[in-house]
2 protein chains.
Amino acid sequence: MTAPTRRERLRTATLSEIKDGARRLLVTGGIEAVSLRAIARDMGMTAPAIYRYFPSLEALVAGLAGDLYDELRQEVEAARDGSGPDPAGQLLEMCRALRRWAVGHPAEFTLIFGNPVPGVIEFADQCDNPDHPGARLGAVFLTPFVELTRGSRLPTPPAELLQERLGGHLAPLATSHGPLPIEIAYTFLSAWTRLYGLVAMEVFGHLGWAVDEPEALFETELISQLLQFRPAEPGDALPEGGARH
Amino acid sequence: MTAPTRRERLRTATLSEIKDGARRLLVTGGIEAVSLRAIARDMGMTAPAIYRYFPSLEALVAGLAGDLYDELRQEVEAARDGSGPDPAGQLLEMCRALRRWAVGHPAEFTLIFGNPVPGVIEFADQCDNPDHPGARLGAVFLTPFVELTRGSRLPTPPAELLQERLGGHLAPLATSHGPLPIEIAYTFLSAWTRLYGLVAMEVFGHLGWAVDEPEALFETELISQLLQFRPAEPGDALPEGGARH
DNA sequence: TTGACATAGTAAACGGCGTTCACTCAAATG
DNA sequence: CATTTGAGTGAACGCCGTTTACTATGTCAA
């Protein structure tokens with residue numbers, strides 16, 4: 001690996017300038033504002049030049065989506081590392097970090113967690129690959145979740161009902177994250193869809209008819225969901241929301 | 001109210017032909033395939049003619065979204081009316097009807113429940129109006145839900161915690177659907193976001209990493225959620241999923 | 001019946017978009 | 001120094017929403 005030549009330096013600089021421009025357009029005008037011509041215009045270039053770096057606008061958007069997944073994951077990991085060793089507290093802060101990122105970056109959240117945009121479709125289609133950015137984000141949540149459920153009574157339907165209804169359909173989860181007891185797998189999926197539903201409804205503006213401060217509902221849901229995990233240990237205080245802003 | 005004149009008949013026919021064309025384009029190519037020029041082309045017209053019926057493409061899309069809300073609501077109402085008087089059974093079939101419609105009409109579901117598309121934004125912004133199609137859909141679920149909770153023990157956090165966290169932020173819900181006890185309001189919102197999260201993740205392709213048959217997870221969630229409502233009445237059999245297809 | 005008016009449609013144009021193609025010019029390579 | 005590679009340009013094609021001016025045609029009152 002020798003030192004990068006001049007052309008290589010210029011190329012990577014231009015590449016990140018393209019990505020930055022795309023991100024800026026995404027933030028200010030939503031996904032439909034991201035156009036090759038606008039990116040190039042902001043850079044003082046012409047649109048066809050971008051084809052030296054991306055084969056199409058869709059590919060550019062797909063690359064952007066991958067970066068956003070990683071950014072969100074790092075945010076969530078930082079929240080986990082910034083709280084104590086208690087998995088419940090870790091999950092609490094991780095969920096808050098996810099919501100905070102989503103609310104603070106609605107266009108970015110929409111791109112990776114909303115309707116599949118043309119460029120992101122194939123990207124999302126292969127998300128049962130463990131190396132897929134989306135799968136890696138899920139894994140960050142799964143680890144403390146499994147630890148939390150260890151020794152807790154899970155508020156699930158009876159195991160035989162789970163096995164009968166769900167037993168044969170969890171192969172993708174096992175492929176991407178390893179085998180899990182069915183109660184834990186179901187509880188995780190349930191919690192994940194609840195988290196998604198709440199955050200997505202807020203970001204997409206589908207909660208305005210119900211609450212004027214979605215964060216209150218979010219916090220209540222978090223508490224409610226965590227409360228269900230330790231019904232047999234009354235002496236165990238629930239982590240009270242730490243530093244907020 | 002006299003008989004419609006010839007021009008009026010022609011006008012309403014053209015109007016519904018425009019809407020049908022927009023719907024067809026939405027189904028076959030997603031929202032970005034809906035263009036005035038394509039609609040007009042399919043009708044053997046030119047694009048500017050559509051401006052005699054809609055002030056812009058966005059308005060046309062907003063009108064389409066309103067129709068879709070009503071269509072989904074009628075579907076859900078039919079499911080309710082087709083099941084017995086038991087509110088739990090009604091809700092079960094209504095949730096199934098919602099998912100069935102969403103999975104069967106992914107582009108339509110995406111339009112009204114996904115990221116706000118430009119034309120649908122202002123449309124969604126005023127959904128705390130009780131006459132808004134979205135609010136009317138919610139009301140259809142709320143009625144049997146309230147009946148179900150009557151006399152059931154709700155699996156919520158303590159009422160004082162709810163009041164403290166959520167009490168001051170439910171004004172929009174009270175405006176659009178009338179005042180509710182806070183436990184019922186919270187439980188309804190929680191159930192609604194769970195339903196939304198599950199269906200949206202399936203339709204948007206965000207569950208592929210976990211399950212190969214999202215309906216199994218959906219049914220499990222429904223059962224699990226309904227089970228929580230009647231923990232004190234063991235003699236009461238749970239409705240077993242009726243006709244499916 | 002005739003004339004005035006409202007309505008529905010057209011064609012042309014403007015600016016924006018993704019993408020392709022032929023071309024130029026500078027950097028890297030031998 | 002000659003050659004090849006790569007980055008970038010300009011023109012073009014066919015889409016798109018929208019506006020404008022204009023033409024028929026249905027409607028309705030005088």
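Every chain is numbered from 1 and lettered A, B, ... according to where its sequence line falls, protein lines coming before strand lines.
For the pair A:A33 and A:P55, both in contact range of DNA chain C, the more 5′-proximal nearest nucleotide belongs to A:A33. Mapping B:P48 and B:L10 onto DNA chain D by nearest heavy atom places B:P48 closer to the 5' end of the strand.
Atom P of nucleotide D:dG8 and atom CD1 of A:I50 are separated by 10 Å, given to the nearest angstrom. Between the CD atom of B:E17 and the P atom of C:dG9 there is a distance of 10 Å, rounded to whole Å. When the P atom of D:dG17 is taken as reference, atom CE of B:M45 falls 13 Å away, rounded to whole Å. Remark: C1' of C:dC25 and CZ of A:R52 are 12 Å apart, rounded to the nearest angstrom. Atom CZ in A:R9 sits about 16 Å away from atom C1' in D:dG6, given to the nearest Å. Rounding to whole angstrom units, CG of residue B:L25 and C1' of D:dC16 are separated by 13 Å. Between B:M43 atom CE and C:dT10 atom P the separation is 9 Å, expressed in whole Å. Rounding to whole angstrom units, CD of residue A:E32 and P of D:dC15 are separated by 22 Å.
Applying the 4.0 Å criterion to OP1 and OP2 of C:dT20, one finds that A:Y51 has every side-chain N and O outside that range. Residue A:R11 has a polar side-chain atom (N or O) positioned under 4.0 Å from OP1 or OP2 of D:dA7. For the OP1/OP2 pair of D:dG8 and a distance below 4.0 Å, the side-chain nitrogens and oxygens of A:T46 include no atom meeting the criterion. Look at B:R41 and you'll find a side-chain N or O under 4.0 angstrom from OP1 or OP2 of D:dC16. Taking 4.0 angstrom as the limit, B:R37 places none of its side-chain polar atoms (N or O) nearer than this to OP1 or OP2 of D:dG17.
Residues A:F109 and A:F113 bring their aromatic ring centres within 6.0 Å.
Remark: B:R11 CZ is packed, more than 12 non-hydrogen atoms of other residues, nucleotides or ligands lying under 6.0 Å away.
Each of C:dG9, C:dT19, D:dA7 was ranked by its minimum atom distance to the side chain of A:Y53; first place goes to D:dA7. Checked against C:dT19, D:dT18, D:dG8, the side chain of A:L36 finds its nearest nucleotide in C:dT19.
Residues A:R23 and A:L68 form a side-chain contact, since some pair of their non-hydrogen atoms from C-beta on lies under 4.5 Å apart.
Electrostatic pairing of B:R99 and B:E221 does not count as a salt bridge here, judged by no charged N lying under 4.0 Å from a carboxylate O.
No side-chain donor-acceptor contact under 3.5 Å links A:W101 and A:E108.
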